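What follows is a single structure, written as structure tokens, with notes after it.
Only a predicted model underlies this, so the values are computations on that prediction, with no experimental measurement involved. Per chain, numbering begins at 1; letters A, B, ... match sequence-line order.
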2 protein chains.
Amino acid sequence: MLRAMPSLISLRAFDAAARLGSFKDAADELSVSPTAVSHHIRGLEQALDVQLFVRETRAVHLTETGRRLSERLASAFTEIADALSEVHATEHELTVTTTPAFAALWLVPRMEAFHAAHPDIRLRLETGTVPVDLARDRRIDLAIRYGVDEGPLLACALPPERIGLYGAPNMVAALGGRLNGATILSTEWEQPGLPPITPEAWIAAASADDKPELRQFEQEHHVAQCAIAGQGLALISNLLAGDLVARGLLTPFRPDIQLRGLSYSVLCLPERVRVRKIARFICWLEASCE
Amino acid sequence: MLRAMPSLISLRAFDAAARLGSFKDAADELSVSPTAVSHHIRGLEQALDVQLFVRETRAVHLTETGRRLSERLASAFTEIADALSEVHATEHELTVTTTPAFAALWLVPRMEAFHAAHPDIRLRLETGTVPVDLARDRRIDLAIRYGVDEGPLLACALPPERIGLYGAPNMVAALGGRLNGATILSTEWEQPGLPPITPEAWIAAASADDKPELRQFEQEHHVAQCAIAGQGLALISNLLAGDLVARGLLTPFRPDIQLRGLSYSVLCLPERVRVRKIARFICWLEASCE
DNA sequence: ACCAATGCATGAGAAGAAATCATCTATTGA
DNA sequence: TCAATAGATGATTTCTTCTCATGCATTGGT
């Protein structure tokens, strides 16, 4: 067959030169001197006993065989590069799907901390209200869902939430603990078979007879944003309100009154729980909840 | 993306190790020491920051990512090897199609000489009675056909043939120039619109009134073989008989009587006549006919 | 239960590629 | 005509890649 398998490095030099139509540009791409490229291509031509380039004074152009070889080499080298970056991604990119609210109010503020703890892992967030089938969609490494408890998929669970009212600091101060004339902002919770988390339940728990205005949102973080804007008291969980309170954007209203909520579940295919990047994330997540 | 593009050599070491499931075997395949393979794979794992092999005491096996990477690398390296050998083949393998007779009686005896003159060109023969469409079947570089004259495809033509009778030496001697009791072996020539090349034509040309036996074959070289076996006189061309005469297997019978035949045409796609291997062959062919 | 054999890991140093440097040639275009 | 460009070539240097010597853990045979 072939006298001697030419070195892969020459092939790459040829590939670059063929693509760019110039030894000099190829040299730049490969960060070597044009001389090196020239040597490589000459060596390759000798090894294959084939002329690949027609040299003209200030330019080179491919022969017909050169063109054919370059085409196939290009696709092979692309395949290699793709494979490498895919490997890198599957090991160092962690894709988490969760609810828009958890992403916006809990995860996003903490991504910086995660990256500091694990600089080699790139965290990608996908949010959506439709639950994802982990077995089906292999791009997703982890799903963080509210109140789900899918036995075999459950990797860990965050502490149960407590639901309370939160408002912009000046509004909470102005209300002085009473709901008269206030607006309660809440989400349309749709957890089948679970204690209702509603403004009514909160009012009942507080044994209040005030009749505040009510406004409903589809997204829990919209509730929060609305409360921050001073438009009412948000009925949200301590988990999601935590950062906003810490940053002084919200203040608890009657923190003594809290409804019991569910907890967030972290779901993962059982055989993948031990994958490095996934294990790291779960470990970090648990530590971040204390 | 990637910290540092790993060297292609490491990738090839990994590919081999992954395919063979053993560093040692990979080392053998690559003709290096197992140490080199070990170093390469460790380097690769560090460059990618990924574990590719799980080491056990006397064996290694791929991790899941290792397996995926190896799959794609294998296909890429196969592509490269294929591309290289294709290049080599298209430059150094010459495929000629011709008639079984011309192949057997003229070309095959001269292949050795061609190879001696052009050691880097490997001559492949394809024979068949059905003419080949060169534009359609790109595997074929040249077609040598009898009496065809397809204008644009005609690369060169061999000298016109002269058709005569040839027999085994002792039979020719025994006949003493007369056809009485002899058998004439001939081919069913089917050249439309051409002077008939038949035993009858020969007898007419010789102005003989002998009535020899007649036997027909489909293949001209079968005629020759039959004559060599002493079963009659072959009505064949000087071109095809030449070698057999030179080797003393056949002797001309009444060499003064010869019918005019056609000539062999060498056909080639016009744009490919100047391809090195093709030009060499045509040049050699013309020189071989003198 | 022990010892030889196997397969891989590791570090240091040797061998061998591959890159560069300096120099040349042949154009091109200003 | 001369500076600038793109590439070729050969000698030299640099640095990758290989090997050697050695070590470790395990397996299988006696």
Taking OP1 and OP2 of C/dA19, is either one under 4.0 Å from a side-chain nitrogen or oxygen of A/H40?
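A/H40 to C/dA19 OP1/OP2: side-chain N or O found under 4.0 Å.
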Mind checking whether [X] and [Y] have side chains closer than 4.5 Å, heavy atoms only?
| X | Y | answer |
| --- | --- | --- |
| A/T65 | B/E91 | yes |
| A/L73 | A/R12 | no |
| A/F77 | B/L8 | yes |
| B/V37 | B/V32 | yes |
| B/H92 | B/D120 | yes |
| A/E29 | A/R19 | yes |
| B/T97 | B/D137 | no |
| A/R67 | A/E71 | yes |

Nearest to side-chain heavy atoms of A/S7, which nucleotide of C/dA18, C/dA19, C/dT10
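Within the option list, the nearest is C/dA18.
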Nearest whole Å is fine: how far is [N] [atom2] from [X] [atom1]?
| X | N | atom1 | atom2 | result |
| --- | --- | --- | --- | --- |
| A/R12 | C/dA17 | CZ | C1' | 15 Å |
| A/L11 | C/dA18 | CG | C1' | 15 Å |
| A/L44 | C/dA17 | CG | P | 16 Å |
| A/H39 | C/dC21 | NE2 | C1' | 10 Å |

Among B/L142, B/L154, B/V275, exactly one meets side-chain contact (heavy atoms from CB on, under 4.5 Å) together with B/C268. Which residue is that?
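Result: among B/L142, B/L154, B/V275, B/L142 is the only option passing the side-chain contact (heavy atoms from CB on, under 4.5 Å) with B/C268.
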Are A/Y146 and A/F102 an aromatic pair by the rule of ring centers under 6.0 Å?
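No - the distance between ring centres of A/Y146 and A/F102 does not fall below the 6.0 Å cut-off.
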Those residues of residues 21-36 of chain B lying under 4.0 Å from DNA chain D by at least one heavy atom:
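Close to the strand are B/V32, B/S33, B/T35, B/A36.
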With a 4.0 Å heavy-atom cut-off, tell me which residues in residues 55-70 of chain A come close to DNA chain D, sorted by residue number.
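Within residues 55-70 of chain A, the residues near DNA chain D are A/R55, A/T57, A/R58, A/V60.
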For a 4.0 angstrom threshold against heavy atoms of chain B, report the outermost contacting nucleotides of DNA chain D in 5' to 3' order.
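Listing 5' to 3', DNA chain D meets chain B from D/dT17 to D/dT27.
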Stacked cation flag A/R110 on A/W106, 6.0 angstrom / 45 deg:
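Yes, a cation-pi geometry holds between A/R110 and A/W106.
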